[in-house]
Amino acid sequence: MTTSIFSGTLSSGTLTAGQFLLLFAAAIALGLIIALVYSRCGDCTKSFAVTLALLPGIVCVVILMVSGSIGAGVAVAGTFSLVRFRSAPGTAREILAVFLAMAAGLACGMGCVAVAAVFTVLACLLYALLSRSHFGEEKNGDRHRTMHITVPESLEYAGAFDDIFDTYTESRRLVHVKTTSLGSLNRLTYDIMLRRAGEEKAFIDALRCRNGNLEISLMQHAAEGCEL
C-alpha cells in the first residue's frame, strides 16, 4: 500500500501519529465546512450541525482502523446497521448532508485528502447554488395548500362545498377522511390549488357557514412524495 496521505490508501500498521492527526484534522475541517454550508442554506438544529461537523472525522478514524482487516470491516458494518435501525427517518436534504459528510470522511480515511477537499468544496458550492435557485420548486407552490375541514357526522360532505371550492380554488381533491370524537365528527383533508393568493380568510369564512363553525385549518402543502 502507498504511504502518501494525499494520493492513496494508508495501512493502519504503517500510520504514524503525525499522519493520523493530519488526516483527522482534515476530516474535521471538511465537516465544519459542510455543517456551515448546510446551516446557511436552510433550517438546521444545533445537534444536526454538530453531527455533520464531527461525522467525517469519525468515519475517517473508522476507515483507518479497519484498513486491511476483513473481520473489523464486517464488525463495523454490523454496528452501522444497528445505528440505522435506531435512527428516525430524515428528509432528503438531511440524508444528502449525511452522505456528503460520510464521503468526505471516507476519502480522508483512505488517504486522499486532496480528493476529499476538492470533492467537498465542489459539492458544497453546487448545493448552495441549487438551494438558492428555483431549481426543483413546485410551480404555483405559493397557492398549493392542504386543507382540513371538520364536519358533523350527519352532513353529507360529498358535494357539500363544491360551490365554495369553485369560487376560491382552481382544483381540489379529497385525499383523506377520518372520524373523530367517537364518530360524531368527520375530518376531511383536501389537496387544493387556490385561484388567488390572499383570499384565505374569505375562503375559510365561507366554509365556516357551511360546516357549523367547526374547526378548519389551511396549511402550506408538503410534497411528501418527493422526500425519501
Side-chain angles (χ1 to χ4, degrees), residues 6-7 23-63 77 80-81 83-147 169-173 175 189-198 200 217-228:
F6 292 100
S7 61
L23 291 173
F24 183 74
I28 292 297
L30 295 179
L32 290 172
I33 294 174
I34 294 171
L36 178 63
V37 173
Y38 182 87
S39 60
R40 292 295 179 87
C41 293
D43 296 332
C44 179
T45 63
K46 181 177 180 179
S47 62
F48 192 69
V50 171
T51 299
L52 290 180
L54 296 181
L55 185 58
I58 296 172
V59 174
C60 174
V61 173
V62 171
I63 296 302
F80 276 116
S81 68
V83 173
R84 163 65 184 88
F85 286 113
R86 292 180 60 86
S87 301
T91 65
R93 181 170 174 263
E94 291 170 342
I95 294 173
L96 172 66
V98 169
F99 270 102
L100 175 57
M102 291 182 66
L106 177 62
C108 288
M110 297 295 292
C112 302
V113 177
V115 173
V118 173
F119 161 73
T120 301
V121 171
L122 291 178
C124 287
L125 287 175
L126 286 173
Y127 177 77
L129 178 63
L130 293 176
S131 296
R132 299 296 184 183
S133 69
H134 297 289
F135 178 79
E137 288 185 359
E138 179 186 11
K139 185 179 180 181
N140 299 321
D142 59 329
R143 295 188 289 117
H144 198 178
R145 298 286 192 274
T146 297
M147 170 168 275
T169 69
E170 290 184 0
S171 63
R172 78 274 188 177
R173 182 168 60 97
V175 295
T189 301
Y190 288 90
D191 185 6
I192 65 173
M193 179 69 70
L194 296 172
R195 288 190 180 277
R196 292 168 293 275
E200 290 87 347
S217 65
L218 185 65
M219 64 191 71
Q220 193 72 32
H221 176 74
E224 297 178 354
C226 295
E227 297 289 351
L228 296 179

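In what follows, every heavy atom counts, from backbone to side chain, and hydrogens, waters and symmetry copies are set aside.
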(request) Any chance you could lay out the side-chain contact (heavy atoms from CB on, under 4.5 Å) test for Tyr127 and Leu96, step after step, and finish with the verdict? (result) CA-CA 10 Å; Tyr127 177 77; Leu96 172 66; 3.7 Å; yes

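Atom-to-atom distance recorded for Ile192:CD1 and Met147:CE is 4.5 Å, nearest 0.5 angstrom. Atom SG of Cys60 and atom CG of Leu55 lie 11.5 Å apart (nearest 0.5 Å). Considering CG of Leu100 and CG of Leu52, their distance stands at 8.5 Å, rounded to 0.5 Å. Between atom CE of residue Met219 and atom CD of residue Glu200 there is a gap of 13.0 Å, rounded to the nearest 0.5 Å.
A search for side-chain hydrogen bond (donor to acceptor under 3.5 Å, both in side chains) contacts involving Ser217 returns nothing, not counting sequence neighbours. Partners of Arg195 by salt bridge (charged side-chain N to carboxylate O under 4.0 Å, His left out), not counting sequence neighbours: none found. Thr45 pairs by the side-chain contact (heavy atoms from CB on, under 4.5 Å) definition with Ser47, Phe48, not counting sequence neighbours. With sequence neighbours excluded, the residues satisfying side-chain contact (heavy atoms from CB on, under 4.5 Å) with Ser171 are Met193. Applying the salt bridge (charged side-chain N to carboxylate O under 4.0 Å, His left out) criterion to Arg132, with sequence neighbours excluded, gives no partner residue.
The side chain to side chain donor-acceptor pair (under 3.5 Å) with Asp191 is formed by just one residue from the set His144, Arg145, Arg172; it is His144.
Residue pairs satisfying the side-chain hydrogen bond (donor to acceptor under 3.5 Å, both in side chains) criterion with at least one member in residues 101-118, sequence neighbours excluded, are absent. Residue pairs meeting the side-chain hydrogen bond (donor to acceptor under 3.5 Å, both in side chains) criterion with at least one partner in residues 95-106, sequence neighbours excluded, are absent.
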Could you tabulate the donor-acceptor pairs under 3.5 Å formed by side-chain atoms of residues 24-42, not counting sequence neighbours?
unit_1, atom_1, unit_2, atom_2, d
Tyr38, OH, Arg93, NH1, 3.0
Ser39, OG, Ala35, O, 3.0
Ser39, OG, Leu36, O, 2.9

Let me have the donor-acceptor pairs involving side chains of residues 101-124, under 3.5 Å, with sequence neighbours excluded, atom names and distances please.
unit_1, atom_1, unit_2, atom_2, d
Thr120, OG1, Ala116, O, 2.7

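Between the Arg143 side chain and the Leu194 main chain, a donor and an acceptor come within less than 3.5 Å of each other.
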